[in-house]
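A short write-up of the structure that comes next.
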Amino acid sequence: MTGKTGNKVAPTSTVLQARLALFQPSQRPRNLRGEWMQTQYGQCRVTGRLGQRHADVLESIMFVAERRRDIEDGGIELLVDPAAIRRSLSDYQYSYQGIQDLLADLRAATIEIITPEMEATGDRIIGGLIDHAIPSQMTRPDPLGGERQLWRVRLGVALVMLLDKDLSLYYQPMPIARLQHGISQAIARHILSHKHQPYGGWHLDTLIRAVCGEDAKAKTMANARARVKKDSEQLKEIGIEITDGNRVKRLT
């Protein structure tokens, strides 16, 4: 294993994870049974429960990873400090049990992705995001006394394929993890997956439908608008501004 922290050994995420709505735009996601989600970038289906808190954990693991080991069978294993994950998720130290529950969902979920490019060649991505997160023999002094074990996190085949085939994204996940609402997090991640923005920015409703689905109902749209606007100040700290005309722009 070689490398240091802060995106030195892995990207934070990849483009398709945000653009295909792999993670539901909620911090309390439903358990899905493999329904297809269609977007302009392709389609995906998830069997399991994946929401924005799961994206927070996965992005934090990728961002704080200290070392990376490429395995002979094509797998990837990352060395991470669980304390760094907790600090990334919350200023108030996200609970260890909460992280374990989210990791269990990440291990259990199966995803399937098909893009127009893959469809043309009969290819697809299918598998899991994380295979395991187990204690390492490596330890670090714990400020509360004694030693704490670092974790070895083995990435699932679907995530390994995304890292190989998809465009990588490099950003700090901490500010997104601190947004109050899942819809705001999903929109922020969608925006950060674009290098350029439309002239005049995006329409807020366009972004909501991009992460919730084109058939989002009127009540869903209204609730989403209200929640995103409640997060407007924190979004501005990330570099995303919502104007009075319901336009959303990346600040330069």
Contacts satisfying salt bridge (Lys or Arg N to Asp or Glu O under 4.0 Å) that involve residues 156-176 (not counting sequence neighbours) are D123-K165
Would you mind listing every salt bridge (Lys or Arg N to Asp or Glu O under 4.0 Å) that reaches into residues 54-64, with sequence neighbours excluded?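 Non-adjacent pairs meeting salt bridge (Lys or Arg N to Asp or Glu O under 4.0 Å): R53-D56, D56-R189, E59-R189.
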Short N-O contact, R45 and E112, less than 4.0 angstrom: yes
Is it true that [X] and [Y] fall in one hydrophobic cluster, defined by side-chain heavy atoms closer than 4.5 Å?
X	Y	answer
M62	L16	yes
I176	V15	yes
V80	Y171	no
L169	L129	no

Kindly check if the number of other-residue, nucleotide or ligand heavy atoms within 6.0 Å of NE2 (H203) is above 12? no
Residues, nucleotides or ligands: over 12 heavy atoms within 6.0 Å of D73 CG: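 More than 12 heavy atoms, drawn from other residues, nucleotides or ligands, come within 6.0 Å of this atom.
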Fellow cluster residues of Y170, listed by chain then number, with links counted only when side-chain atoms sit under 4.5 Å apart: none
Side-chain hydrophobic cluster, 4.5 Å single linkage: members besides I71: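 Noted: I71 shares its cluster with no other residue.
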Partner of R154 by side chain to side chain contact (heavy atoms under 4.5 Å, CB included), out of L78, L159, D131: D131
Residue from E77, R152, M138 passing side chain to side chain contact (heavy atoms under 4.5 Å, CB included) with R67: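 Single pass found, and it is M138.
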Excluding sequence neighbours, so at least two apart, what forms ring pair (Phe, Tyr, Trp, His ring centres under 6.0 Å) with H181? none
Looking only at atom types and distance, does a side-chain atom of R178 sit under 3.5 Å from a main-chain N or O of S88, one as donor and one as acceptor? yes
For a quick test of reading the model, state the closest non-hydrogen atom pair linking V211 to A186 and the distance between them. CG1-O, 3.8 Å
Show every donor-acceptor pair shorter than 3.5 Å between a side-chain atom in residues 21-37 and any protein atom, with sequence neighbours excluded, or say none if there are none.
| unit_1 | atom_1 | unit_2 | atom_2 | d |
| --- | --- | --- | --- | --- |
| Q24 | OE1 | R30 | N | 2.9 |
| Q24 | NE2 | R30 | O | 2.8 |
| S26 | OG | R28 | N | 2.9 |
| S26 | OG | R28 | O | 3.3 |
| Q27 | NE2 | L179 | O | 3.4 |
| Q27 | NE2 | Q180 | O | 3.2 |
| Q27 | NE2 | Q185 | OE1 | 3.0 |
| E35 | OE1 | R33 | N | 3.1 |

Rounded distance [0.5 Å steps], [atom1] in [X] versus [atom2] in [Y]:
X	Y	atom1	atom2	answer
W202	I187	CH2	CD1	11.0 Å
H132	L103	NE2	CG	11.5 Å
H190	L20	NE2	CG	10.0 Å

Considering only heavy atoms from C-beta outward, does the side chain of L204 approach that of R225 to under 4.5 Å? yes
Verify salt bridge (charged side-chain N to carboxylate O under 4.0 Å, His left out) between K249 and E241, making sure each step is shown before the conclusion. CA-CA 5 Å; K249 299 179 180 179; E241 183 179 39; over 6 Å; no
Just by distance, with hydrogens left out, do K217 and N223 show a side-chain donor and acceptor under 3.5 Å apart?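 No - no donor-acceptor pair under 3.5 Å links their side chains.
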